[in-house]
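Only one structure is covered here, and it is reproduced in the block below.
Basis for what follows: all heavy atoms, side chains included, without hydrogens, waters or symmetry-related copies.
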Amino acid sequence: MYPMEETMSELYTIDIFHMFQDELFQNTAYKVIVTNEDDDRVVYAVHRIKGSGSKVREIVVDKSSNHVRCSCKMFECAEIPCRHILAYFSRMQIDDLPNEYILRRWTKSAKAMRAMVTEDGTEFVEELLSSGHKKLCDMKKVCQDGEGSVIKVPIIRDHGFKEPLQVRAKGCGK
């Protein structure tokens with residue numbers, strides 16, 4: 001395992017980890033070359049080592065924030081780093097994925113970060129649920145007795161279907 005792979009296997013959920021792992025394995029097939037550099041950013045071209053005709057992607061690194069963006073927009077869409085960004089991290093010998101590329105929603109700990117983290121929070125949620133359940137049961141009883149604010153709509157049983165109009169077929173008319 002790569003160091004990054006091992007860390008992410010502990011953080012990500014199984015499905016997201018498998019997607020990440022596929023991207024991580026694919027990054028080794030890419031070459032990263034500096035194409036342009038100015039005071040604010042560095043632009044890299046990322047392309048496959050073997051296989052002509054593959055699309056060249058562009059990585060833009062903001063020097064002030066070290067934020068990396070890829071022209072494939074996979075991170076913006078699927079919210080996991082693409083193989084091009086991972087190839088850049090590999091070239092820069094970054095072994096741990098920066099926190100800004102790890103979305104909490106894809107981590108195993110996302111489920112644990114709810115209101116029921118504390119005992120007081122658990123009691124509060126249980127009270128709300130039982131109160132809501134009681135109100136629903138009361139509403140159901142009122143509706144079954146024929147009282148309450150139920151909107152009654154008459155149901156028309158006679159549908160009265162009619163034959164469709166005859167339409168003249170196209171053609172010469174003979």
Side-chain angles (χ1 to χ4, degrees), residues 1-137 139-140 151:
M1 285 186 133
Y2 299 107
M4 189 182 292
E5 181 183 15
E6 189 173 346
T7 304
M8 299 318 291
S9 70
E10 296 168 3
L11 291 176
Y12 277 147
T13 61
I14 295 294
D15 293 335
I16 298 301
F17 173 69
H18 288 303
M19 288 173 57
F20 173 79
Q21 192 177 39
D22 182 48
E23 293 298 314
L24 189 63
F25 287 151
Q26 294 292 331
N27 96 66
T28 57
Y30 287 85
K31 189 175 184 179
V32 180
I33 302 167
V34 176
T35 58
N36 190 5
E37 184 173 0
D38 59 23
D39 294 338
D40 300 325
R41 63 189 187 133
V42 182
V43 179
Y44 295 89
V46 182
H47 62 276
R48 267 194 173 304
I49 295 170
K50 290 184 181 176
S52 62
S54 66
K55 191 165 186 173
V56 176
R57 298 296 181 174
E58 192 174 78
I59 298 284
V60 179
V61 181
D62 186 349
K63 286 183 176 179
S64 62
S65 65
N66 282 334
H67 183 73
V68 182
R69 286 179 291 129
C70 181
S71 62
C72 78
K73 304 282 187 199
M74 182 176 175
F75 183 71
E76 289 80 2
C77 180
E79 298 181 331
I80 61 168
C82 64
R83 57 191 71 177
H84 315 109
I85 291 176
L86 293 172
Y88 166 77
F89 288 148
S90 178
R91 180 177 187 242
M92 295 298 147
Q93 298 176 347
I94 298 172
D95 291 333
D96 291 326
L97 192 63
N99 288 335
E100 66 186 280
Y101 300 100
I102 304 170
L103 274 74
R104 173 179 262 155
R105 68 185 293 180
W106 301 135
T107 63
K108 293 175 184 175
S109 64
K111 290 182 180 178
M113 303 308 287
R114 294 188 180 166
M116 295 177 251
V117 173
T118 65
E119 206 168 306
D120 292 338
T122 303
E123 289 176 16
F124 176 72
V125 170
E126 285 176 354
E127 285 176 20
L128 285 174
L129 287 174
S130 64
S131 171
H133 186 265
K134 185 178 180 233
K135 284 184 181 180
L136 284 172
C137 289
M139 288 170 66
K140 187 176 178 183
I151 299 172

Nearest 0.5 Å please: distance from the [atom1] atom of [X] over to the [atom2] atom of [Y].
X: S71; Y: K55; atom1: OG; atom2: NZ; result: 7.0 Å
X: D62; Y: R69; atom1: CG; atom2: CZ; result: 7.5 Å
X: M8; Y: Q21; atom1: CE; atom2: CD; result: 12.0 Å
X: T7; Y: D95; atom1: OG1; atom2: CG; result: 9.0 Å
X: E100; Y: N66; atom1: CD; atom2: CG; result: 8.0 Å
X: L24; Y: M19; atom1: CG; atom2: CE; result: 13.5 Å

| said: Before you tell me yes or no, could you show the steps for R41 and V43 under side-chain contact (heavy atoms from CB on, under 4.5 Å), namely the whole-Å CA-CA distance, both residues' side-chain angles and the distance that decides it to 0.1 Å? | reply: CA-CA 7 Å; R41 63 189 187 133; V43 179; 4.1 Å; yes
Is there a donor-acceptor pair under 3.5 Å between the side chain of [X] and the backbone N or O of [Y]?
X: T107; Y: L103; result: no
X: S130; Y: E126; result: yes
X: S131; Y: L128; result: no

Can you confirm whether [X] sits close enough to [Y] that some side-chain heavy atom of one is under 4.5 Å from a side-chain heavy atom of the other?
X: V60; Y: E58; value: yes
X: Y44; Y: V61; value: yes
X: Y30; Y: R48; value: yes
X: H47; Y: R57; value: no
X: E79; Y: R105; value: yes
X: N36; Y: V42; value: no

Listing, residues 84-91 side-chain donor-acceptor contacts under 3.5 Å, not counting sequence neighbours, or none:
residue	atom	partner	partner atom	Å
R91	NE	V32	O	3.4

| Heavy-atom closest contact (K63 atom, D39 atom, distance) |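 Heavy atoms of K63 and D39 come nearest at CD-O, 3.4 Å.
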| query | Can you name the nearest heavy-atom pair linking F25 to E5, along with the distance? | reply |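 Taking every non-hydrogen atom into account, CZ-OE2, 3.5 Å.
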| query | Got more than 12 heavy atoms from elsewhere within 6.0 Å of CG, N99? | reply | no
| query | Using 4.0 Å as the upper bound for N to carboxylate O, is an ion pair formed by E10 and K108? | reply |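 Looking at E10 together with K108, the answer is no, because their closest N to O distance does not fall below 4.0 Å.
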| Among Y101, F17, F20, which residue meets the ring-ring contact (aromatic ring centres under 6.0 Å, His included) test with Y12? | F20
